[in-house]
Asks: 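A single structure is presented below for examination.
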Amino acid sequence: MGSPNGLGFITDRLPSGSRGIAMAKQYWIGDVRSGVHDGEEVELKGWVHRTRGGGKKIQFVVLRDSTGIVQCVVKKDVVGDSCFDDVANALIESSMIVRGRVESTDREHGHELQVESAEVVGPVNPDRPFPITESAMTEADGGETEFLLDNRHLYLRTSRMTTMLKLRSTVFGAIHSYFRDRDFIEYQAPNFVAGAVEGGSTLFEVPYFGRKAYLTQSWQLYAEAAMPALERLYTMAPSFRAEKSRTRRHLTEFWHAEMEIAWASNEEVMEHGEGVVRHIARKMLDERSEELSELGRDLEVIAGFADSPYPRMRYDEAVDALQSKGVEIEWGQDLDYSKEKILTDDFEVPHFLTHYPRIAKPFYHRPDPEDPKYVLCHDLLAPEGYGEIIGGGERTWSEDEILERIDEEGTPREPYEFYIDIRRYGGVPHGGFGLGVDRVCTWLAGADHIREAIPFPRDSRRVTP
RNA sequence: GCCGACAUAGCUUAGUUGGUGGAGCGGUGGACUGUUAAUCCACAGGUCGCAGGUUCGAGUCCUGCUGUCGGCGCCA
């Protein structure tokens, strides 16, 4: 059974009182299910997952904590009348402390608790029973009904969502460890910004003491400012896009893992993009194989994401490939999702698309010195129809070139003066990428919708709960 | 911004050519007692999203509104 962070027995890592901290909880259901407590007296603290029986002599309570569920057997002649009635009256999601002996059995869970005493800590009022019922879960079948979205704060406790949140934690941890193990400095950019970063129409405007400010769309421009100071830097932070997107890949608030690296080529940035995604897949297998299986994920497929090299394809090759499949596309057009999807059908692992036409990409992408019709950029497309998970490339880094690119786009220079300044004082080649963390979680979990992979999804129609 | 669906009990839903809205889960009461989505019996729970219209009669047909969902564009 999965422990909270997938590293083995929970109790081994929580030495009681070793740091002078009173331990709130000593025993974990995940450990009980692993068998380490067989024959021992334990005290379990958790929530009622389900009750069965509830008669005159014996009843069964399936107790849940963050590490799993276990059946507790409550017999009237053992616990006494009053305790037996308290347990019988405890509805689903009541919190409870039970004490008793762990017994190995050949029944369903393999281990169960013979309860000697029990107390309800936080009861549930029968006038307002826990609203997430079996039918709500079964019918939704992992999907996201309006009801479950409205009750997201309660849906979080269900096994599917708990599993998702654990996978998500592993993805976040893997991204940090990838960059930190390679001497990247974690660096924070502001979330309130004054000007547009890209495509001003997708900015969220917020009142700011009589002025207008915006929520950041990306860490990138501020990362470039720190690039001459730190040389190798990364972040994981929310980004905000006011897009009325109604797709299974978009949120208005999403977690953005971004990196920037000095003296680097598009090629080197791509190596890190591939590296971090493979590292995430590897960590998922190491720490969360059980959770992946619970969600129906084939571990062999995930192993492919961790071990196989990611192919690269130039934009021109992609256009040829699409045209040979009879897709209508003209050179210079950006590749939208429907076309990406057709391309990803040919691959079993993520693959890169590089060298887009400069007219299809914003000014900060550096034109290819070998053929300035193209820019040195890359997108990483996840297979299985999950689409783009990374966008990055080399930055326009000389003052002349950045001014030329800004002017040809018709973008005003004024808001970008600080950005141009970076080029005026010792500009160097550099690059970076942004990775959609929630998209990676969605893809690796095999979820149908990005909303399933984040605790409180935000889109154009929902900011609650 | 564009296109397309849907809205019935706390939840998931059935509801025929328009004729007094049913079920499963959850809740309550009872039976049963080593149950595994426990089972069995009974009870409670509905302004059929809102507002108009057609009709003798509307959950059902029409119009508008609101909300939600799905897809496209945009992107991570």
Side-chain angles (χ1 to χ4, degrees), chain A residues 49-62 69-76 88-89 91-93 103 105-110 112 114 124-141 143-151 154-155 197-199 201-202 217-220 236-258 273 333-341 360-362 379-382 386-392 433-443 448-451 459-462:
Chain A
H49 174 70
R50 200 149 302 280
T51 57
R52 284 187 280 269
K56 282 177 179 151
K57 293 180 188 163
I58 186 170
Q59 53 185 323
F60 306 92
V61 175
V62 181
I69 58 173
V70 70
Q71 175 162 280
C72 304
V73 184
V74 185
K75 290 173 178 162
K76 195 173 202 170
N89 289 328
L91 300 188
I92 288 172
E93 287 305 314
E103 189 174 80
T105 85
D106 52 7
R107 290 183 234 280
E108 192 175 284
H109 292 163
E112 60 185 24
Q114 292 294 336
V124 170
N125 186 335
D127 294 337
R128 285 190 307 276
F130 192 69
I132 315 286
T133 59
E134 200 70 42
S135 61
M137 294 288 296
T138 308
E139 297 299 327
D141 195 24
E144 306 282 296
T145 62
E146 181 186 355
F147 174 76
L148 292 179
L149 288 165
D150 287 341
N151 289 281
L154 302 175
Y155 184 46
V197 175
E198 51 184 293
S201 62
T202 63
Q217 297 171 300
S218 167
W219 165 91
Q220 182 194 323
M236 252 197 296
S239 284
F240 305 89
R241 306 261 167 104
E243 291 158 351
K244 289 187 178 171
S245 306
R246 301 201 46 74
T247 79
R248 58 188 62 195
R249 307 178 302 287
H250 285 85
L251 296 167
T252 52
E253 175 183 344
F254 67 96
W255 284 82
H256 212 172
E258 298 181 86
Q333 239 182 300
D334 207 352
L335 300 176
D336 60 43
Y337 176 68
S338 61
K339 299 183 182 69
E340 277 178 11
K341 199 164 184 305
K361 289 287 180 180
D379 287 352
L380 182 63
L381 307 184
Y386 283 93
E388 186 176 342
I389 53 175
I390 280 181
F433 66 75
L435 176 149
V437 184
D438 316 279
R439 284 189 180 176
V440 169
C441 295
T442 309
W443 161 53
D448 291 334
H449 200 294
I450 197 166
R451 277 196 306 242
D459 63 32
S460 62
R461 296 193 189 172
R462 182 175 287 278

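Everything numeric here is computed off the predicted structure, so don't read it as measured data. Just so it is clear: chains get the letters A, B, ... in the order the sequence lines come, proteins before strands, and each one is counted from 1.
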Asks: Base, sugar-phosphate, or nothing for A/K361, non-hydrogen atoms under 4.0 angstrom?
Replies: nothing
Asks: Determine the contact category for A/R107: base if any of its heavy atoms lies under 4.0 Å from a base atom, sugar-phosphate if only primed atoms, P, OP1 or OP2 are that close, otherwise nothing.
Replies: base
Asks: Looking at every strand, decide which applies to A/V73 at a 4.0 Å heavy-atom threshold: base, sugar-phosphate, or nothing.
Replies: base
Asks: Would you tabulate the nitrogen or oxygen pairs shorter than 3.5 Å linking the protein to nucleotides 66-68 of chain B?
Replies:
| unit_1 | atom_1 | unit_2 | atom_2 | d |
| --- | --- | --- | --- | --- |
| B/rU68 | OP1 | A/R461 | O | 3.2 |
| B/rU68 | O2' | A/E146 | OE1 | 3.4 |

Asks: Do the side chain of A/R451 and the base of B/rC69 come within less than 3.5 angstrom through a donor-acceptor pair of N or O atoms?
Replies: no
Asks: For the pair A/S218 and A/E258, evaluate side-chain hydrogen bond (donor to acceptor under 3.5 Å, both in side chains) and give the outcome as yes or no after the intermediate values.
Replies: CA-CA 8 Å; A/S218 167; A/E258 298 181 86; 2.8 Å; yes
Asks: When we call it a touch if two heavy atoms are under 4.0 Å apart, what does A/I92 touch: a base, just sugar-phosphate, or nothing?
Replies: nothing
Asks: Under 4.0 Å, heavy atoms only, any strand: does A/E253 hit a base, just the sugar-phosphate, or nothing?
Replies: nothing
Asks: Does the side chain of A/F60 come within less than 4.5 Å of A/V73's, by heavy atoms?
Replies: yes
Asks: Measuring only the P atom in each nucleotide, how far is B/rA51 from B/rA38? A whole number of Å is fine.
Replies: 41 Å
Asks: Measuring only the P atom in each nucleotide, how far is B/rU20 from B/rU28? A whole number of Å is fine.
Replies: 34 Å
Asks: Does A/R52 put a side-chain nitrogen or oxygen below 4.0 Å from OP1 or OP2 of B/rU35?
Replies: no
Asks: Does A/H250 have a side-chain nitrogen or oxygen under 4.0 Å from the phosphate oxygens OP1 or OP2 of B/rG73?
Replies: no
Asks: State which residues pass salt bridge (charged side-chain N to carboxylate O under 4.0 Å, His left out) with A/E93; sequence neighbours excluded, sorted by chain then number.
Replies: A/R64, A/R157
Asks: Counting any heavy atom closer than 4.0 Å, what does A/S239 reach on the DNA or RNA strands: base, sugar-phosphate only, or nothing?
Replies: nothing
Asks: Which heavy-atom pair separates A/G391 from A/D379 by the least distance, and what is that distance?
Replies: CA-OD1, 3.7 Å
Asks: Checking A/R241 side chain against A/L251 main chain: does a donor-acceptor pair fall under 3.5 Å?
Replies: no
Asks: Quick check: any donor-acceptor pair below 3.5 Å linking the side-chain of A/T247 to the base of B/rG70?
Replies: no
Asks: B/rG70 and B/rG57: how far apart are their C1' atoms, nearest whole angstrom?
Replies: 36 Å
Asks: How many angstroms lie between CZ in A/F130 and CD1 in A/I92, if you round to the nearest 0.5 Å?
Replies: 8.5 Å
Asks: For B/rA37 versus B/rC74, give the span between their P atoms, rounded off to a whole number of Å.
Replies: 47 Å
Asks: Between A/F240 and A/T202, is there a side-chain heavy-atom distance shorter than 4.5 Å?
Replies: no
Asks: So which nucleotide from B/rG27, B/rG34, B/rC74 ends up closest to the side chain of A/K75?
Replies: B/rG34
Asks: Would A/F254 pass as stacked on B/rA76, i.e. its ring centre under 5.5 Å from the base's six-membered ring centre and planes under 30° apart?
Replies: yes
Asks: If each of A/D336 and A/G391 is mapped to the nucleotide of RNA chain B with the nearest heavy atom, which maps nearer the 5' terminus, i.e. the 5' end?
Replies: A/D336
Asks: Given atom OH of A/Y155 and atom P of B/rG26, what is their separation to the nearest angstrom?
Replies: 18 Å
Asks: Just checking A/E112: base, sugar-phosphate only, or nothing, at a heavy-atom cut-off of under 4.0 Å?
Replies: base
Asks: Would you measure the distance from the C1' atom in B/rC3 across to the matching atom in B/rG15 and give it in whole Å?
Replies: 30 Å
Asks: The side chain of A/R249 is closest to which nucleotide in this list: B/rG27, B/rC74, B/rG10?
Replies: B/rC74
Asks: What distance, rounded to whole Å, do you find between the two C1' atoms, one in B/rU13 and one in B/rU55?
Replies: 29 Å
Asks: What's the CG-C1' distance between A/D459 and B/rG70, to the nearest Å?
Replies: 12 Å
Asks: If we take the P atom in both B/rC2 and B/rG53, what is their distance in whole Å?
Replies: 30 Å
Asks: B/rG1 base to A/E243 side chain: any donor-acceptor pair below 3.5 Å?
Replies: no
Asks: Hey, does the side-chain of A/K57 have a donor or acceptor N/O within less than 3.5 Å of a partner on the base of B/rG34?
Replies: no
Asks: Rounded to whole Å, please give me the gap between CG in A/D379 and P in B/rA76.
Replies: 7 Å
Asks: Once pairs are restricted to Watson-Crick or G-U wobble with both distances under 3.5 Å, how does RNA chain B read as a dot-bracket string, [ ] for crossings and | for other-strand pairs?
Replies: (((((((..((((.....[..)))).(((((.......))))).....(((((..]....))))))))))))....
Asks: Who pairs with A/F254 by ring-ring contact (aromatic ring centres under 6.0 Å, His included), at least two apart in sequence or on another chain?
Replies: A/H256
Asks: Please find the pair of heavy atoms, one from A/Q71 and one from A/H109, that lie closest to each other, and give the distance.
Replies: N-ND1, 3.8 Å
Asks: Quick one: on RNA chain B, does A/E340 or A/K244 contact a more 5' nucleotide (nearest heavy atom)?
Replies: A/K244
Asks: Is the shortest heavy-atom distance from the side chain of A/M236 to the side chain of A/L435 under 4.5 Å?
Replies: no
Asks: Under 4.0 Å from OP1 or OP2 of B/rG73: is there any side-chain N or O of A/S338 that close?
Replies: yes
Asks: How is A/D127 classified with respect to the nucleic acid when contacts are heavy atoms under 4.0 Å: base, sugar-phosphate, or nothing?
Replies: nothing
Asks: Quick one: list whatever passes side-chain contact (heavy atoms from CB on, under 4.5 Å) with A/R249, sequence neighbours left out.
Replies: A/T247, A/Y337, A/R439
Asks: Check if the side chain of A/S245 and the base of B/rC74 share a donor-acceptor pair of N or O atoms closer than 3.5 Å.
Replies: yes
Asks: With A/D336, which residues qualify under salt bridge (charged side-chain N to carboxylate O under 4.0 Å, His left out), at least two apart?
Replies: A/K339
Asks: Can a donor-acceptor pair under 3.5 Å be found between the side-chain atoms of A/Q71 and the base atoms of B/rU35?
Replies: yes
Asks: Expressed in whole Å, how much space separates the C1' atoms belonging to B/rU36 and B/rA9?
Replies: 28 Å
